[in-house]
There are 2 protein chains.
Amino acid sequence: MKDMTNNTDRAIAEFVDQMGLILQAEGLPRIAGHIMGLMVIHEGPFSLSQLAERLSVSRASISTNTRLLEDLEVIVRTAKPGDRQDYFKLSPQPYDRLLRGVVRRMRRARDVVEGTQDALPEDMTDSQERLQELDAFYAALIESFMEVIDSWASDRHRSSKEAKYANRPSA
Amino acid sequence: MKDMTNNTDRAIAEFVDQMGLILQAEGLPRIAGHIMGLMVIHEGPFSLSQLAERLSVSRASISTNTRLLEDLEVIVRTAKPGDRQDYFKLSPQPYDRLLRGVVRRMRRARDVVEGTQDALPEDMTDSQERLQELDAFYAALIESFMEVIDSWASDRHRSSKEAKYANRPSA
DNA sequence: TTGAACGTTCAGTATTGACTGAACAAACTG
DNA sequence: CAGTTTGTTCAGTCAATACTGAACGTTCAA
C-alpha cells in the first residue's frame with residue numbers, strides 16, 4: 001500500500017513537472033504550468049500559501065502566476081465565508097479559454113497578413129499569392145480552433161471509455 | 001511612383017518585422033520569423049549572405065536560423081550549378097510542415113496525460129475525470145490540426161477572391 | 001494596541017536565449 | 001600557392017524572463 005502510494009505520489013509529481021514544461025513550451029512560465037498540473041490532479045480549491053507550499057515556490061511567484069492564469073481565465077479566484085484567504089481552482093472550462101487565447105493571437109497574425117495584402121500593389125502577383133496562402137493558413141487554423149471550441153463546449157462530458165477509444169491519432 | 005515605392009518598401013519592412021514578432025510569440029527566434037517574412041514577400045532563392053544583408057544581421061545568425069527552419073521543413077536549401085553558395089527558399093508546403101511540428105508537440109503532451117492516467121489508481125475518479133478532460137482537449141486539437149493539414153493539402157490553390165471572402169472570422 | 005496572517009509589490013539575482021565578432025575549414029579563383 | 005569566399009562554430013555579451021526575499025498594506029485576532 002505504501003509502495004502504491006509512493007508510485008502515485010511520484011506519478012503526480014512527474015505529471016506536475018511535465019505540465020510545467022509543456023506549458024512553458026507554449027509560452028507560459030513553468031510555475032504557471034505546475035499550478036495547472038496540480039489543479040488537474042487535485043480539485044482544490046487551493047489558497048495561495050497552499051500552492052506555494054505544495055509546489056515549493058515563493059508566495060510572490062504564486063501571486064504572479066495565479067494572476068496570469070486568472071487573466072487567461074484558466075483558473076478562478078474564490079473565497080470562503082469567514083475566511084480571509086483567497087482560493088483558486090480550475091475554471092469550469094479552462095481549455096477552451098486557453099484556445100480562445102490562441103485564436104486571438106492567430107487573428108492578430110491574420111490581420112497583419114491581410115494588412116500587408118492591402119498595402120502592397122496588386123501587380124506584385126507572386127507576393128500576393130504567397131500572402132494569400134499564408135492568410136488561408138491562418139483562416140483554416142482559426143476556423144478549426146473555433147470548431148474545436150464549439151464542439152468542446154457541447155460534448156465535454158463524453159464518457160471516459162468512449163473518449164479514450166475515440167479520436168485516437170492515426171499515426 | 002517613388003512615393004508608392006517607398007510605401008511598398010515600408011509595408012514590406014513592417015510585414016517582415018511583424019512576422020518576426022508573430023513567430024517569436026510561437027516560440028521561434030525573431031530572426032527566423034524575419035527570414036520567413038522575407039521569403040513570403042520575395043520568392044528568392046536567397047543566399048545566406050543575401051539574407052544577412054537584407055535583414056541586417058550576422059551570417060552566424062542566418063546560419064543558425066536557416067538550419068532551424070530547414071529542420072522544421074519550412075524552408076529548403078538548394079544549389080545552383082557552378083555556384084558555391086547555398087540558396088534558401090520557402091518549402092513547397094511550409095505551413096502544414098509547421099502544423100505537423102505543432103501536432104508532434106501536442107501528441108507528446110497527450111502522451112504525458114495518458115501516461116498519468118495509467119499511472120494513477122482508477123479510484124482517484126475525480127482526478128481521472130479531469131485528466132480525461134485534458135486528454136480529450138489534446139485529442140480534439142490533434143484531430144483538428146490533422147483535418148486542417150489534410151484539407152490544406154487538397155485545397156491550397158483556391159482563388160484569391162474566393163478565399164478572401166471565405167472563412168471570415170465571425171467576431 | 002500589538003502581532004499575525006495574507007497577498008502584493010519591488011529590487012535584486014540567476015539563468016537562459018539569442019545575438020555578435022572572430023576564428024576556422026573547405027572550396028574555389030587567379 | 002596565396003587570397004578570397006562561404007558557411008559554420010564558438011566564446012562572449014546582452015537583454016529578457018522568471019524567480020526570490022524583503023518590505024509593505026490590509027485585515028483580522030488576541
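We use all heavy atoms of the structure for the numbers below, so side chains are in, but hydrogens, waters and symmetry mates are not. Residue numbers start from 1 in every chain, and the chains themselves are labelled A, B, ... in the order their sequence lines are given, proteins ahead of strands. Here the structure is a predicted model, which is why all the values come from computation and not from measurement.
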Checklist line | Residue pair E114(A), R110(A): steps toward the salt bridge (charged side-chain N to carboxylate O under 4.0 Å, His left out) verdict | finding: CA-CA 6 Å; E114(A) 292 187 339; R110(A) 191 182 182 195; 3.2 Å; yes
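Ring pair F145(B)/F145(A): centre-to-centre distance below 6.0 Å.
Going from atom CG of L23(B) over to atom C1' of dG17(C) covers 17 Å, rounded to whole Å. Between D83(B) atom CG and dA27(C) atom P there is a gap of 16 Å when expressed in whole angstrom units. Taking atom CZ of residue R30(B) and atom C1' of nucleotide dG17(C), one finds them 13 Å apart after rounding to whole Å. Rounding to whole angstrom units, CZ of residue R84(A) and C1' of dT27(D) are separated by 5 Å. Atom CZ in F88(B) sits roughly 8 Å away from atom C1' in dG7(D) (whole-Å rounding). Distance, Y87(B) OH to dT5(D) C1': 12 Å, rounded to whole Å. One atom, CG of D86(A), and another, P of dG25(D), lie 19 Å apart when rounded to the nearest Å. Rounded to an integer number of Å, the gap from CD1 of I31(A) to P of dT17(D) is 16 Å.
Taking 4.0 Å as the cut-off between side-chain N and carboxylate O, E26(B) and R105(A) count as a salt-bridged pair.
Contact annotation: the side chain of F15(B) approaches that of V40(B) to within less than 4.5 Å [non-hydrogen atoms, C-beta and beyond].
Taking the centre and axis of the six-membered ring of F46(B), the NZ or CZ atom of K89(B) falls outside the cone set by 45° and 6.0 Å.
Contacts between residues 45-70 of chain A and DNA chain C, counted as heavy-atom distances below 4.0 Å, involve L48(A), S49(A), R59(A), A60(A), S63(A), R67(A).
A salt bridge (charged side-chain N to carboxylate O under 4.0 Å, His left out) with D86(B) is found for one member of K80(B), R77(B), R59(B) and no other, namely R77(B).
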